[in-house]
Engineer: 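This is the structure, below, for whatever I ask next.
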Amino acid sequence: MRIGFGTDIHRLDVGDGLPIGGVTVPCLLSFVAHSDGDVLLHAIIDALLGALGAGDIGMLYPDTDSANRGRPSTDFLHETLARMWEAGYRLGNLDCVVHAQVPKLTPHKATIRGTLAGHFQVDPSLINIKAKTGEGVGPVGRGEAIAAEAVVLLLPAGGA
Ligand code: MG
């Protein structure tokens, strides 16, 4: 089995919604980012790449490459999942934390979990999403940024 860890943070600006885990959370904010800025997907992708010993998201999708500008992060996730399946692995489980003072993510956790399970083609019980505020301190607590962390366990595709 293989284990991987990923983390990401993106700054916030005024806007028309935040992509978090492949779900657009309606609010008057957007991410300041080269891609769509989906911090949770970026953390998950880095966790997967880590488990596969395949580098990191910045290496595979550099922000200096204009081809990546504005690309949906679900594209990056699908390519990473294809890499995982080709390497002979399947998801054991995925655990994530999203740190956001604003917006409140609790009402969206179930949707994010179900959407991720669809991308991974697994039962939602293998995926867990936790949301925490920044307790009013630091860039997250001041509502300047949203951060995410993810840890993933991969199992041999053919194993029990
Ligand atoms: Mg990122």
Side-chain angles (χ1 to χ4, degrees), residues 2-85 87 89 91 93-106 108-109 111-120 127-135 137-154:
R2 309 276 300 197
I3 190 165
F5 175 69
T7 179
D8 197 23
I9 186 167
H10 279 289
R11 282 188 293 121
L12 295 169
D13 201 350
V14 291
D16 57 2
L18 292 170
I20 296 179
V23 172
T24 300
V25 174
C27 59
L28 297 176
L29 298 165
S30 67
F31 286 118
V32 179
H34 187 77
S35 67
D36 63 11
D38 192 323
V39 279
L40 178 54
L41 287 190
H42 294 178
I44 291 169
I45 290 165
D46 259 353
L48 288 166
L49 292 172
L52 295 169
D56 62 52
I57 192 170
M59 193 177 96
L60 293 173
Y61 306 105
D63 60 11
T64 50
D65 185 347
S66 60
N68 296 326
R69 185 163 298 140
R71 247 182 109 186
S73 298
T74 46
D75 280 10
F76 306 147
L77 177 65
H78 290 156
E79 289 182 13
T80 305
L81 289 173
R83 186 184 282 260
M84 176 185 82
W85 289 318
Y89 289 99
L91 183 68
N93 71 297
L94 167 66
D95 191 21
C96 309
V97 183
V98 184
H99 302 268
Q101 192 73 35
V102 285
K104 289 282 170 255
L105 294 180
T106 300
H108 305 284
K109 285 195 294 187
T111 306
I112 293 170
R113 182 189 206 188
T115 300
L116 283 170
H119 290 302
F120 277 85
I127 295 175
N128 194 62
I129 306 293
K130 301 189 289 287
K132 301 182 83 72
T133 71
E135 289 289 330
V137 296
V140 170
R142 290 191 296 270
E144 297 168 1
I146 290 179
E149 291 148 347
V151 61
V152 68
L153 181 72
L154 304 185

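Atoms within each ligand, like the ligands themselves, are counted from 1 in listed order.
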Engineer: My understanding is that only residues two or more places apart in sequence, or in another chain, count here; which of them pass ring pair (Phe, Tyr, Trp, His ring centres under 6.0 Å) with Tyr89?
Structural biologist: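 Ring pair (Phe, Tyr, Trp, His ring centres under 6.0 Å) check on Tyr89 returns nothing, list empty.
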Engineer: Quiz question: by atom type and distance under 3.5 Å, do the side chains of His42 and Ser73 form a donor-acceptor pair?
Structural biologist: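 A donor-acceptor contact under 3.5 Å links the two side chains.
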Engineer: Would you mind counting protein N, O or S atoms that sit less than 2.8 Å from the Mg ion (ligand 1)?
Structural biologist: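 Excluding waters, the total comes to 3.
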Engineer: Check for a donor-acceptor pair, side chain of Asp13 on one end and backbone N or O of Ser30 on the other, with a separation under 3.5 Å.
Structural biologist: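 No; judged by distance alone, with no hydrogens or angles, the pair does not exist.
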Engineer: State the CD1-CD1 distance between Ile146 and Ile20, to the nearest 0.5 angstrom.
Structural biologist: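 If I round to the nearest 0.5 Å, the distance is 4.5 Å.
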Engineer: Quick check for you: to the nearest 0.5 Å, what is the distance between Leu48 atom CG and Asp56 atom CG?
Structural biologist: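 Output value for this atom pair is 13.0 Å.
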Engineer: For the pair Thr80 and Leu49, evaluate side-chain contact (heavy atoms from CB on, under 4.5 Å) and give the outcome as yes or no after the intermediate values.
Structural biologist: CA-CA 7 Å; Thr80 305; Leu49 292 172; 3.9 Å; yes
